[in-house]
There are 2 protein chains.
Amino acid sequence: MESSISQTEENYLKAIYKIQERASKPASTNAIAAAMSTSAASVTDMIKRLSEKDLVNYERYRGVTMTKDGQRIATTLIRKHRLWEVFLVEKLDFSWDEVHDIAEQLEHIQSAELIERLDEYLEFPRFDPHGDPIPDADGVFTHRKQVLLGEMSANEVGVIVGVQDHTSDFLQYLDRMELTLGTEIKLLEKYAYDDSVKILLSNDKEIVISKKVSQHLFIQKEFLEK
Amino acid sequence: MESSISQTEENYLKAIYKIQERASKPASTNAIAAAMSTSAASVTDMIKRLSEKDLVNYERYRGVTMTKDGQRIATTLIRKHRLWEVFLVEKLDFSWDEVHDIAEQLEHIQSAELIERLDEYLEFPRFDPHGDPIPDADGVFTHRKQVLLGEMSANEVGVIVGVQDHTSDFLQYLDRMELTLGTEIKLLEKYAYDDSVKILLSNDKEIVISKKVSQHLFIQKEFLEK
DNA sequence: ACATATTTTTAGGCTAATCTAAAAATTTAT
DNA sequence: ATAAATTTTTAGATTAGCCTAAAAATATGT
Ligand SMILES: [Mn+2]
Ligand SMILES: [Mn+2]
Ligand SMILES: [Mn+2]
Ligand SMILES: [Mn+2]
């Protein structure tokens with residue numbers, strides 16, 4: 001049995017999973033094609049193959065949803081991707097903007113034992129270098145209460161815990177601004193004119209960031225107990 | 001340029017390299033087919049493609065030799081394979097009989113930066129867990145003076161530094177006999193009847209091993225200076 | 001409601017990598 | 001030196017994954 005699954009199929013499943021993650025309706029052919037940078041025709045082709053293997057549910061013109069088996073493969077892939085990213089950053093000293101492409105390859109290495117040992121070696125990290133949760137071996141994600149910086153009000157404080165945009169440009173911008181994960185911030189003022197915001201950093205510097213940036217930073221609010 | 005090379009092509013190049021390594025004549029179609037567990041027809045096909053890309057020199061019915069470019073790819077692959085094996089054993093605690101198949105996949109990860117950082121992280125190992133030399137970034141192997149245990153004479157002493165056979169069966173046998181790399185041995189007696197040999201281990205145990213085993217163990221002889 | 005725009009599927013083709021069977025070349029043995 | 005055995009190549013198919021162009025289905029706008 002086991003009808004072995006190709007790297008390409010794995011990548012499609014991950015893409016479909018991520019599309020479904022936020023839109024709660026079936027993933028459209030076009031959405032998948034965009035995510036995979038391929039043609040709609042190729043997607044239709046692949047969907048049929050995945051459907052044949054019972055990894056997705058497919059109805060012509062109605063889009064696809066994932067089966068339990070398909071979801072399992074997708075979350076395992078995400079788990080592997082994010083654990084490898086932690087390895088690259090923590091052990092090999094790569095910076096957070098350099099690891100995605102390498103992890104994109106490493107996630108396809110086939111060995112359950114390998115990934116469990118890697119997890120242990122990394123001391124069971126719950127989040128990757130971008131603040132994204134690492135699912136456990138059963139595919140369960142740690143849920144964390146977080147808001148976009150853009151959604152906070154004046155005088156609220158919190159810690160940067162994640163990014164919404166994974167491009168090198170954005171991550172390098174954050175490095176230069178010292179807005180890395182773990183940084184404590186206080187929102188000082190919101191400017192209605194262009195929705196930019198002024199924030200206070202723990203080193204007492206005050207900086208203004210654009211609306212665009214504020215909508216790509218996840219903050220965990222800090223409360224009194226702390 | 002760069003005409004990107006597939007994993008399959010990489011595996012062929014490595015196989016051809018290893019065949020050429022010991023036979024100093026061109027690698028035959030059949031030898032390659034055996035190494036790759038594929039048909040001779042498929043090999044002819046692939047050879048033509050590799051020849052087209054100037055990675056091998058090919059003449060119909062005359063076998064193949066490797067070009068500089070092909071050799072470079074092969075030694076880089078061997079370098080990556082062996083470094084990953086060191087990682088798996090040293091960092092993730094795999095045993096030496098479990099790492100080959102995983103390294104067989106990891107060797108295809110594309111990132112020069114990754115492999116140089118891995119090398120550094122592992123503190124520039126010169127040999128892999130099986131005692132095989134790890135070529136440097138320029139494809140140069142460390143040469144070590146070694147002989148097969150079967151070729152030693154009575155009363156000679158030495159250290160086990162490598163294995164000729166990489167099967168799990170053999171490696172597990174060595175573990176059970178405490179004949180792991182680094183073990184000091186003294187050859188006590190050779191039995192002409194079946195070419196088995198009696199050796200003395202550093203823990204003062206004396207064991208007899210078969211001709212087959214003695215022909216698969218590399219020993220670095222120890223001399224007076226030590 | 002019906003014309004237009006958009007999305008999705010189908011049709012037909014391409015390449016890489018594989019296979020089996022048959023033909024051709026080379027090597028070995030008498 | 002010729003026949004027999006072996007090796008290698010060619011021929012013809014297959015499958016996964018991709019493409020473009022055309023057709024079909026669905027969604028949108030007035
Ligand atoms: Mn991938
Ligand atoms: Mn990440
Ligand atoms: Mn390989
Ligand atoms: Mn090895």
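Throughout, protein chains are lettered first and strands after them, A, B, ... in sequence-line order, and every chain is numbered starting at 1.
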I'd like a list of close polar pairs between nucleotides 12-15 of chain C and the protein, N/O only, cut-off under 3.5 Å.
none

Aromatic ring proximity A:F87/B:F87, centre distance under 6.0 Å: yes
Ring centre gap for B:H100 and B:H81 strictly below 6.0 Å: yes
Expressed in angstrom and rounded to an integer, what is the separation of [X] atom [atom1] from [N] atom [atom2]?
X     : N      : atom1 : atom2 : result
B:I5  : C:dA16 : CD1   : P     : 13 Å
B:E10 : C:dA17 : CD    : P     : 11 Å
B:K48 : C:dA16 : NZ    : P     : 14 Å
B:N11 : C:dA17 : CG    : C1'   : 13 Å
B:E59 : C:dT26 : CD    : P     : 11 Å
B:K25 : C:dT26 : NZ    : P     : 17 Å
B:N30 : C:dT27 : CG    : C1'   : 13 Å

Distance check: side-chain N/O of [X] vs OP1/OP2 of [N], anything under 4.0 Å?
X     : N      : answer
A:R60 : C:dT7  : no
B:Y12 : C:dA16 : no
B:S6  : C:dA17 : yes

Would you name the heavy atoms of [X] and [Y] that are closest together and state the gap between them?
X      : Y      : answer
B:R72  : B:D138 : NH2-CA, 4.1 Å
B:L187 : B:L149 : CD1-O, 3.9 Å
A:I5   : A:K53  : CA-NZ, 4.4 Å

Covered region of DNA chain D, 5' end to 3' end, by chain A [heavy atoms, under 4.0 Å]: D:dA16 to D:dT26
Pairwise distance CD1(A:I78) to CD1(A:I73) - rounded to 0.5 angstrom: 12.5 Å
First of A:R62 and A:T8 reached from the 5' end of DNA chain D, by closest nucleotide: A:T8
Sugar-phosphate, base or nothing in reach of A:T29, heavy atoms under 4.0 Å: sugar-phosphate
Residue pair A:N30 / A:S28, side-chain donor-acceptor N/O under 3.5 Å: no
No-hydrogen, no-angle side-chain donor-acceptor test under 3.5 Å, A:T67 and A:D54: no
Residues A:E156 and A:K221 bridged, charged N to O under 4.0 Å: yes
